[in-house]
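Just below is one structure, and these are the notes that go with it.
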Amino acid sequence: MSRQRALVTGGAGFLGSHLCDALLAEGWSVVVVDNLLTGRRANLERLRNDAAFEFIEKDICEPFDVGRVDYVFHFASPASPVDYTLHGIPTLKVGSLGTFHALDVAFKYGAKYLVSSTSECYGDPLEHPQKETYWGNVNSIGPRSVYDEAKRFTEAVTMAYHRYHKVDTRIVRIFNTYGPRMQLNDGRVVPNFMKQALRGEDLTVYGDGSQTRSFCYVSDEIDGFMRLAKSSEHLPVNIGNPNEFTILECAQQVLRVTESKSKISYEALPQDDPKQRRPDITKARQLLGWEPKIQLAEGLRMSLDYFKKAVEEETTRSK
Ligand code: UDP
């Protein structure tokens with residue numbers, strides 16, 4: 001019997017590339033479609049000679065067809081606040097047009113479908129922790145709206161294809177995730193703090209650092225995706241680590257793990273920066289038997305070699 005074939009849009013990105021590894025390890029053949037706007041070839045380098053792996057450089061905002069697939073994993077989108085602010089219109093387009101095209105592929109081949117959504121659907125949440133049933137508190141015209149509304153629209157299109165076309169869809173709401181293959185300069189808090197700590201620069205805490213996030217290590221996150229992919233739940237499921245930290249605590253953990261003597265400096269808080277974020281993962285626990293295993297200090301230690309190498313490479317390049 002021939003292998004099952006999966007399409008991963010955005011497979012050259014941080015989460016997409018880890019997902020490719022997990023699918024290949026389970027015996028899938030994988031085709032990635034990515035326009036490399038924020039994804040990187042380096043994330044897929046080790047798969048280049050794998051006969052079960054294929055990479056197509058293409059923008060999914062145009063209709064596309066990669067032949068028969070059994071599963072569509074739609075992960076294409078800029079995802080860090082710095083990236084989606086820089087690429088605001090492409091972010092809106094990939095969440096809207098790109099989502100239609102990914103769903104059209106699933107519809108055409110009768111493939112299953114899983115899409116990456118986000119805790120940004122909850123905006124600056126007034127309910128804490130956030131359950132999947134919470135509708136959110138989102139500014140539809142602020143600087144983050146290019147991402148938040150793109151992803152909310154992604155969810156709407158996905159549910160519509162499920163309801164009208166009977167596509168077998170799943171939606172994962174992803175909370176802050178970190179680990180190897182994050183871009184050093186994507187502006188997110190973990191790569192920023194790791195880079196600053198390893199270079200002996202000040203760690204830039206935005207605002208007073210009392211805002212909270214809940215950080216999930218990448219291997220836990222991918223395990224959640226794989227379990228959800230095998231389930232038949234169509235409504236959104238939160239996959240994130242419910243251990244909540246202030247950003248100041250996160251900075252202190254990075255200083256400890258890197259044994260850095262860097263100081264902390266304070267900078268302006270970006271507009272609409274959510275004050276708190278913490279997933280309620282009751283649904284994932286009950287439905288998927290999933291919960292994260294790796295806590296922040298351990299995950300930062302597991303990421304240290306990657307960030308050290310990335311900082312060294314950047315230093316060499318700039319010489
Ligand atoms: N942040 C910070 N310093 C940095 C980068 C980010 O204090 O150098 C804060 C940011 O203001 C936010 C949190 O860390 O409150 C998480 O930011 P990130 O960009 O990682 O993702 P978000 O959860 O906001 O999408």
Side-chain angles (χ1 to χ4, degrees), residues 13-15 38 77-88 91 95 116-125 128-130 136-139 142-152 172-218 221 238-255 258 260 262-279 296 299-300 303 307 310-311 314:
F14 165 50
L15 291 179
T38 58
S77 178
S80 84
V82 165
D83 282 341
Y84 64 66
T85 306
L86 189 63
H87 304 293
T91 301
S116 59
S117 185
T118 168
S119 58
E120 286 290 313
C121 288
Y122 304 124
D124 191 2
H128 194 71
Q130 293 81 52
N137 177 38
V138 176
N139 178 356
R144 293 175 88 100
S145 66
V146 291
Y147 184 65
D148 300 8
E149 296 297 2
K151 287 294 188 181
R152 286 162 69 96
V172 54
R173 291 205 181 127
I174 302 171
F175 286 66
N176 296 66
T177 307
Y178 68 100
R181 292 188 210 153
M182 287 188 102
Q183 284 195 62
L184 196 58
N185 295 311
D186 79 2
R188 281 190 272 208
V189 66
V190 169
N192 263 14
F193 285 175
M194 286 295 241
K195 179 178 66 180
Q196 291 160 341
L198 291 169
R199 286 190 186 147
E201 296 167 359
D202 284 3
L203 271 58
T204 52
V205 167
Y206 302 158
D208 63 5
S210 65
Q211 72 273 31
T212 67
R213 293 295 186 273
S214 306
F215 299 97
C216 191
Y217 188 69
V218 62
E221 191 70 33
N238 289 338
I239 297 288
N241 190 319
N243 264 1
E244 186 180 1
F245 296 87
T246 67
I247 292 304
L248 201 54
E249 285 167 343
C250 173
Q252 283 152 356
Q253 294 240 16
V254 168
L255 289 177
T258 53
S260 168
S262 288
K263 304 268 176 298
I264 287 172
S265 66
Y266 293 87
E267 294 191 0
L269 189 67
Q271 189 191 328
D272 294 343
D273 198 280
K275 282 180 273 308
Q276 51 183 5
R277 274 290 168 72
R278 177 185 181 185
L296 185 58
L300 290 174
S303 313
F307 282 113
V311 166
E314 198 177 70

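Counting starts at 1 for both ligands and their atoms, following the listed order. It should be emphasised that the depicted structure is a prediction, and the values quoted were computed from it without experimental measurement.
For the side chain to side chain donor-acceptor pair (under 3.5 Å) test with Arg277, the passing option among Glu120, Gln211, Glu244 is Glu120; the others fail.
Contact residues of ligand 1 (protein heavy atom closer than 4.0 angstrom to a ligand atom; sorted by chain and number): Pro81, Glu120, Arg144, Asn176, Gly187, Arg188, Val189, Asn192, Phe193, Thr204, Val205, Tyr206, Gln211, Arg213, Ile247, Pro270, Asp273.
Looking at residues two or more places apart in sequence or on another chain, you find a ring pair (Phe, Tyr, Trp, His ring centres under 6.0 Å) between Tyr178 and Tyr217. For the salt bridge (Lys or Arg N to Asp or Glu O under 4.0 Å) test, no residue two or more places apart in sequence or in another chain qualifies with Glu249. Remark: Ser262 pairs with Leu203, Leu255, Ser260 by the side chain to side chain contact (heavy atoms under 4.5 Å, CB included) rule, at least two apart or across chains.
Classification of Lys195 and Asp186 as a salt-bridged pair fails, no side-chain N sitting under 4.0 Å from a carboxylate O.
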_Show, in sequence, the C-alpha distance, side-chain angles and deciding distance for Thr38 and Gln183, and conclude whether the side chain to side chain donor-acceptor pair (under 3.5 Å) test is met._
CA-CA 9 Å; Thr38 58; Gln183 284 195 62; 5.1 Å; no

